[in-house]
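One structure below.
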Number of protein chains: 2
Amino acid sequence: MSAQDDFLGAKDDFISQWGALGSSWGISRTMAQVHALLMISPEPISTDQSMEELQISRGNAHTNLKELVGWGLVKIVVKKGERKEFFEAEKDVWKIFTIVLRERKRREIDPAIELLSDCSERSKNVKSAEGKAFHKQMNELEDFAVFASQVGETISKLKYGPAIKYANKFLGLLPKDKS
Amino acid sequence: MSAQDDFLGAKDDFISQWGALGSSWGISRTMAQVHALLMISPEPISTDQSMEELQISRGNAHTNLKELVGWGLVKIVVKKGERKEFFEAEKDVWKIFTIVLRERKRREIDPAIELLSDCSERSKNVKSAEGKAFHKQMNELEDFAVFASQVGETISKLKYGPAIKYANKFLGLLPKDKS
DNA sequence: GAGGACTTTCAGTAATGTTTGAAAATATGA
DNA sequence: TCATATTTTCAAACATTACTGAAAGTCCTC
């Protein structure tokens, strides 16, 4: 068993399990696998190469590659002399994180704020106990969502260095675990 | 159109849309709806009441209520003189957040760390360019995942007050937007 | 220990989400 | 312009997940 074989096995495991993890996020299994493949490929790869490596159909490869481009996680590169499009993933982990953070804020937190603010508004004059409890809960959820949104916004604008610096300061502020 | 009617409409919208949002997280639509229902109910509610309000089957109501109990988001309460079980959701928004944070860390980040660490190990001696790129990427992802795990751990242990205090200090550190 | 109130399970069904493959559209170069 | 390489679309097939309803299980109470 050579080191190269170890690596090839690890590569397959990474792609397959990254896919499984992706689906516990909101991302489809295949999209996560395509992303995994691109993330560990030193060279940009084509639709046909993805099809080959992941054993998926052209339509599937195409859709998922374009969706990743839509997320901003992957860029299209055109090699000179070639007609095909090639795809290259962002590899910097902090950049990947901020992209995903921004995208999920936009897709999940922002609509939640809208919902909560609307529900709060529509229940502000209600008299029943049930209604008052509802109004209060809507307000509290909205306040939290707005707060989370601001924190997300702030973090996504940071560079890696400052982020780590703040985080370490923050982590250090807590009492040490005395185990 | 009375204030009470406004509220009833808002309540239905909240339940239905909270469900839709839930499914963009890893949570099933119905589980999120049950959670929404419990979160806005001033009184604990029974399986039959959930079935009635959400128009779902007994089995479905039962499974989702118990799953919420499993997450720690809902508690079973027994009313004296009653044989039925009633269910009551945690309403404190910060507590809900820390419970979800901990649970998702356990389900998503921890397994990722294991995967990445394993892949890093198995590719440490490889010589090819592709293999070296893989090893590097695994290390960087692992470092980040461990870091995220620690931040999550720390936040989930905070009380709401200190969390807000730190966050405001943090938010204030960034240059103001000059628009 | 029988009867009823309630909970739990699960096989079958329904609903939803994903993938395929082939055809249509588009782009490229001679 | 045409032939061909490539991308894009999408209806139908497939896979996965969620839900139902009824039956089995549990736990009281008399």
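Here is how names work: the chains are called A, B, and so on, in the same order as the sequence lines, proteins then strands, and each is numbered from 1. Quick caveat, the model's predicted, so the values are computed rather than measured.
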_Could you check whether any side-chain N or O of A/T63 sits under 3.5 Å from a backbone N or O of A/G59, counting only pairs where one atom can act as donor and the other as acceptor?_
yes
*So, A/T154 side chain and A/Q150 main chain: donor-acceptor pair closer than 3.5 Å or not?*
yes
*With sequence neighbours excluded, give me every salt bridge (charged side-chain N to carboxylate O under 4.0 Å, His left out) pair touching residues 46-56 of chain B.*
B/K11-B/E53, B/D48-B/R58
*Which pairs, with at least one residue in residues 83-92 of chain A and sequence neighbours excluded, count as a salt bridge (charged side-chain N to carboxylate O under 4.0 Å, His left out)?*
A/K66-A/E85
Go through [range] and report each residue with a non-hydrogen atom lying under 4.0 Å from DNA chain D, sorted by number.
range	answer
residues 29-39 of chain B	B/T30
residues 74-87 of chain A	A/R83, A/K84, A/E85
residues 54-65 of chain A	A/R58, A/G59, A/H62

Are the side chains of [X] and [Y] in touch, meaning some heavy atoms are under 4.5 Å apart?
X	Y	result
A/L141	B/F14	yes
A/S46	A/F86	yes
B/L65	B/V69	no
B/H135	B/S120	yes
A/L158	B/F170	yes
B/D110	B/K105	yes

*Nucleotide range of DNA chain C lying under 4.0 Å from chain B heavy atoms*: C/dG4 to C/dT9
*Kindly give the cluster partners of A/V78, where membership spreads through any ILVMFWY side chain lying under 4.5 Å from a current member.*
none
*asked:* Listing request: all ring-ring contact (aromatic ring centres under 6.0 Å, His included) pairs with a residue in residues 94-120 of chain B, at least two apart in sequence or in separate chains.
replied: A/F144-B/F97, B/W94-B/F97, B/W94-B/Y160
*Applying side chain to side chain contact (heavy atoms under 4.5 Å, CB included), name anything that partners B/R122, two or more places apart in sequence or on another chain.*
A/A10, A/D13, B/D118
*With sequence neighbours excluded, residues passing ring-ring contact (aromatic ring centres under 6.0 Å, His included) with B/F7*: A/F134
_Terminal contacting nucleotides, 5' and 3', DNA chain D versus chain A (heavy atom, 4.0 Å)_ = D/dT4 to D/dT9
Which donor-acceptor pairs under 3.5 Å do side chains of residues 27-37 of chain B form with protein atoms, sequence neighbours excluded?
| from | atom 1 | to | atom 2 | distance (Å) |
| --- | --- | --- | --- | --- |
| B/S28 | OG | B/M31 | N | 3.3 |

